[in-house]
Number of protein chains: 2
Amino acid sequence: MRPEELPEIRRLHLFCDMTQASFETLLASSYAQNFPQGLEMIRQGDPADFLHIVLEGSVELFAQWSGRECTMAVLRPVSTFILAATIRDAPYLMSARTLERTRIILVPASDLRAMFRRDTEFAVSVINELAACYRSVVRGAKSLKLRNSRERVASYLLRQSILAGGAASYTLPVEKRLLASYLGMTPENLSRTLRMLEDHGIKVDGARVIITDREKLTALAQPDRLIDGPD
Amino acid sequence: MRPEELPEIRRLHLFCDMTQASFETLLASSYAQNFPQGLEMIRQGDPADFLHIVLEGSVELFAQWSGRECTMAVLRPVSTFILAATIRDAPYLMSARTLERTRIILVPASDLRAMFRRDTEFAVSVINELAACYRSVVRGAKSLKLRNSRERVASYLLRQSILAGGAASYTLPVEKRLLASYLGMTPENLSRTLRMLEDHGIKVDGARVIITDREKLTALAQPDRLIDGPD
DNA sequence: GCCTTGCCTTGATGTTAATCAAGTCGAAGG
DNA sequence: CCTTCGACTTGATTAACATCAAGGCAAGGC
């Protein structure tokens with residue numbers, strides 16, 4: 001692990017409140033690994049032996065069943081993933097693959113579990129992190145059950161604009177086929193929906209999104225703090 | 001609160017590992033409340049001031065958006081709910097209503113948050129509980145995204161049979177309209193699907209479910225530990 | 001340069017599920 | 001006993017979405 005990486009990790013909510021000693025102990029038993037693009041680094045069902053931290057690149061979390069597959073999340077630096085599985089010492093519920101060349105820190109699950117028994121502040125951080133993750137998945141489930149695909153796309157586009165500082169124009173952070181799977185629809189349907197949304201204040205050209213009429217888009221998306229955040 | 005109720009609460013995973021002193025302190029600031037049937041006891045968006053424990057009756061967690069509504073979970077004694085919101089001191093993401101006359105214990109969120117800073121074993125229990133809740137929602141999301149409605153119904157019916165000890169016959173624990181909403185479909189569609197499943201090893205008469213051909217049902221449901229549990 | 005390759009789009013078609021509209025049934029109450 | 005109400009069912013229709021098939025387009029390799 002490179003020394004300049006430690007402060008970046010330390011800044012994560014999960015690690016910023018623990019003692020320096022605890023942090024150093026935990027990271028001492030961890031190690032970095034570089035993965036090429038498209039590598040399936042975690043397979044659902046495998047035992048969860050490590051907490052993962054993305055330092056560079058990006059990772060797709062996805063799920064499989066009966067020959068089908070869907071994207072559950074896309075993670076970018078700096079963030080952790082599959083915390084819950086490591087804590088319960090249970091099999092991963094999701095698979096993970098790299099979307100590009102990606103650098104990951106692997107923190108042994110057993111050290112993690114030992115650490116939050118010794119460092120109360122760390123335990124509190126884990127609690128907060130898990131609660132946030134839980135709420136995030138609940139939001140996703142609400143969006144899936146309460147909105148149709150057009151509304152989900154509209155909400156997503158509006159939300160991305162807000163994350164880009166309210167910009168009227170921005171670039172999609174992920175490929176469209178991935179986005180479609182994430183939103184629970186087929187690529188074809190996403191393509192058609194984006195076209196339809198031209199009547200609702202959105203223009204999409206390649207990965208470029210332009211909001212032509214924010215009011216109209218908002219009327220369709222009906223953004224809701226309890227689904228779209230912020231927390 | 002009745003004295004005979006304390007041991008029941010103590011037996012919950014969330015409370016069984018904390019010190020007796022901590023448990024008594026926490027419950028001393030709590031109080032019980034009885035609600036009639038059909039009462040909306042929690043409204044999504046309200047501040048989360050209490051952890052809730054169901055002692056008698058049953059509670060529906062549901063979500064609303066744009067005039068639509070869907071069931072997220074049904075809770076029965078003895079269990080806790082909306083732990084994550086209380087921890088983050090954030091608004092509830094879901095509403096809750098009683099399905100029958102229901103008795104609830106209310107634990108003040110602030111006492112809860114103070115307690116897991118003082119009692120490490122309790123903090124660990126909270127961590128484990130949250131991780132379990134998180135995984136449970138992820139399973140639900142996977143089921144929604146990877147299965148069509150017929151497969152969801154088949155999985156549900158098979159799973160209930162297993163929960164009933166592998167019985168070939170059992171009673172549905174919830175009304176069908178609720179079940180439909182929980183499974184992400186309309187009551188009409190559930191009704192038709194149950195009829196269709198007669199060709200796949202299931203016979204439903206009112207709330208009575210009879211598995212006529214477990215093998216056929218299993219072939220359709222394709223139960224998966226990573227979706228249907230057990231954990 | 002040309003040829004791949006992968007991603008995206010488009011149109012035609014088929015399937016799935018929601019909606020609309022009656023109608024049945026059984027439990028609760030007058 | 002009859003009425004009423006709510007839950008459930010059923011059929012007809014419509015809307016939403018997936019699938020299938022074909023083609024466009026841009027990036028990268030030879």
Side-chain angles (χ1 to χ4, degrees), chain A residues 36-38 60 65-71 74 97-101 143-154 156-157 171-200 202-209 220, chain B residues 36-38 58 60 65-71 74 97 99-101 143-154 156-157 171-200 202-209 220:
Chain A
Q37 185 195 41
E60 176 193 5
W65 179 80
S66 185
R68 294 167 219 170
E69 170 177 325
C70 73
T71 302
V74 173
R97 71 164 71 93
T98 53
L99 293 175
E100 53 196 306
R101 201 188 157 286
S143 188
L144 269 179
K145 287 183 109 171
L146 291 166
R147 288 170 169 159
N148 63 29
S149 62
R150 198 179 59 162
E151 291 160 344
R152 289 199 298 277
V153 173
Y156 177 87
L157 294 176
T171 308
L172 287 176
V174 294
E175 285 182 352
K176 285 183 188 165
R177 57 188 292 102
L178 212 86
L179 178 56
S181 178
Y182 175 69
L183 293 174
M185 58 203 293
T186 58
E188 294 96 326
N189 195 22
L190 173 60
S191 190
R192 277 185 265 266
T193 303
L194 290 175
R195 175 56 51 94
M196 283 200 320
L197 289 182
E198 288 182 6
D199 296 339
H200 295 270
I202 277 287
K203 183 79 183 47
V204 178
D205 179 41
R208 192 94 211 138
V209 177
L220 177 61
Chain B
Q37 184 195 41
S58 54
E60 176 193 4
W65 180 79
S66 185
R68 295 168 218 169
E69 172 177 323
C70 73
T71 303
V74 173
R97 71 163 72 93
L99 293 174
E100 54 196 306
R101 200 188 158 285
S143 188
L144 270 179
K145 286 183 109 170
L146 291 166
R147 288 172 170 158
N148 63 28
S149 63
R150 199 179 59 161
E151 291 160 344
R152 290 200 297 278
V153 173
Y156 177 87
L157 294 176
T171 308
L172 287 175
V174 293
E175 285 183 352
K176 285 183 188 166
R177 56 187 292 100
L178 213 86
L179 178 57
S181 178
Y182 174 68
L183 293 174
M185 57 203 292
T186 58
E188 293 97 324
N189 195 22
L190 173 61
S191 190
R192 276 186 267 267
T193 302
L194 290 176
R195 175 55 52 93
M196 282 201 318
L197 288 183
E198 287 181 7
D199 296 339
H200 295 270
I202 277 286
K203 183 78 181 46
V204 178
D205 180 41
R208 192 92 211 142
V209 177
L220 177 61

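Rounded to whole angstrom, the span from the CG atom of B:D205 across to the C1' atom of C:dT24 amounts to 14 Å. Atom CD in A:E151 sits about 14 Å away from atom C1' in D:dA15, given to the nearest Å. In this structure, CE of A:M196 is placed 14 Å from P of C:dT9, rounded to the nearest angstrom. As a whole-Å value, the separation of A:R177 CZ from C:dT5 P is 16 Å. In this structure, B:N189 places its CG atom 12 Å from P of D:dT9, rounding to the nearest Å. Protein atom CZ of B:R68 is 12 Å distant from nucleotide atom P of C:dA18, rounded to whole Å. Spacing between atom CG of B:L190 and atom C1' of D:dA7 amounts to 12 Å, rounded to whole angstrom units. Going from atom CG of A:L194 over to atom P of C:dC7 covers 17 Å, rounded to whole Å.
Of the candidates C:dC8, D:dC8, C:dT10, C:dT10 carries the atom nearest the A:E188 side chain, counting heavy atoms from C-beta on. When each of C:dT19, D:dC17, C:dT9 is scored by its nearest atom to the side-chain atoms of B:T186, the top-ranked nucleotide is C:dT19. The A:S149 side chain lies nearest to D:dC17 when the options are D:dC17, C:dC7, D:dT10. The side chain of B:R195 has D:dT10 as its nearest neighbour among D:dA18, C:dT19, D:dT10.
One finds no side-chain N or O of B:S191 lying less than 4.0 angstrom from the OP1 or OP2 phosphate oxygen of D:dC8. Distances shown here put every side-chain N or O of A:N148 at or beyond 4.0 Å from the OP1 or OP2 atom of D:dA16.
In this model, a donor atom of one side chain and an acceptor atom of the other lie less than 3.5 Å apart for B:S58 and B:E100. No side-chain donor-acceptor contact under 3.5 Å links A:T193 and A:R150. Between A:S143 and A:R152, the side chains place no donor N or O within less than 3.5 Å of an acceptor N or O (distance only, hydrogens not considered).
Of the possible polar contacts, none joining the B:T71 side chain to the B:S181 backbone as a donor-acceptor pair under 3.5 Å is found. A donor-acceptor pair under 3.5 Å links the side-chain atoms of A:N148 to the main chain of A:E151, judged by distance alone.
Take the nearest nucleotide of DNA chain D for B:L178 and for A:M185: the residue whose nucleotide is more 5' is B:L178.
Using a 4.0 Å heavy-atom cutoff across all strands shown, B:R192 reaches at least one base atom of the nucleic acid. Counting non-hydrogen atoms under 4.0 angstrom, B:E175 reaches the backbone sugars and phosphates but no base.
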